[in-house]
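See below for the structure under consideration.
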Amino acid sequence: MRLDITVIKAGRIMGFTSKPIKDPVLPPTAISDKDAMIRVEEQAGAKPTSAQQVGGKWRPVWLIGVNGGDTFIDAATGQKTQPDK
C-alpha cells in the first residue's frame, strides 16, 4: 500500500491518497537530503520526503517547502522535477 499525506505548515493534514501497490524499485540516490536542501536553499527553505511517480515511474524525490509552495528534487539526479498528478 502506498500512502501519500500532505501536511501544511500549521501541522494539519490537508489531504491524502492511497494505492494498493507493491513497493517500487527505486534507483540509488545520488544526493542526500542535506544536499537537496542546500540546492533548494538557493530558492528558499526546506523539508524532505520520499518517493513520487514522475513520468509514470517511481523516483526517489525530496519535497522541499519553498516560500509557501513546494519544490521537488530528484534524489537520484539532483535535478528539479515535477511528480505526476
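Positions are given from 1 along the sequence. All values reported here derive from a predicted model rather than from experimental measurement. Just the heavy atoms: all of them, side chains too, but no hydrogens, waters or symmetry mates, feed the values below.
- For A76, the side-chain contact (heavy atoms from CB on, under 4.5 Å) test picks out P27, R59, P60, D74, with sequence neighbours left out.
- Membership of the apolar cluster around I5 extends to L3, V7, I13, F16, as traced through chained side-chain contacts below 4.5 Å between ILVMFWY residues.
- Taking the side-chain contact (heavy atoms from CB on, under 4.5 Å) definition, one finds that T6 meets it with M14, sequence neighbours left out.
- Members clustered with V25: none, using a 4.5 Å side-chain heavy-atom cutoff among hydrophobic residues.
- Between the CH2 atom in W62 and the CD1 atom in I73 there is a gap of 11.5 Å [rounded to 0.5 Å].
- In this structure, W58 shares a hydrophobic cluster with I21, L26, the cluster being traced through Ile, Leu, Val, Met, Phe, Trp and Tyr side chains under 4.5 angstrom apart.
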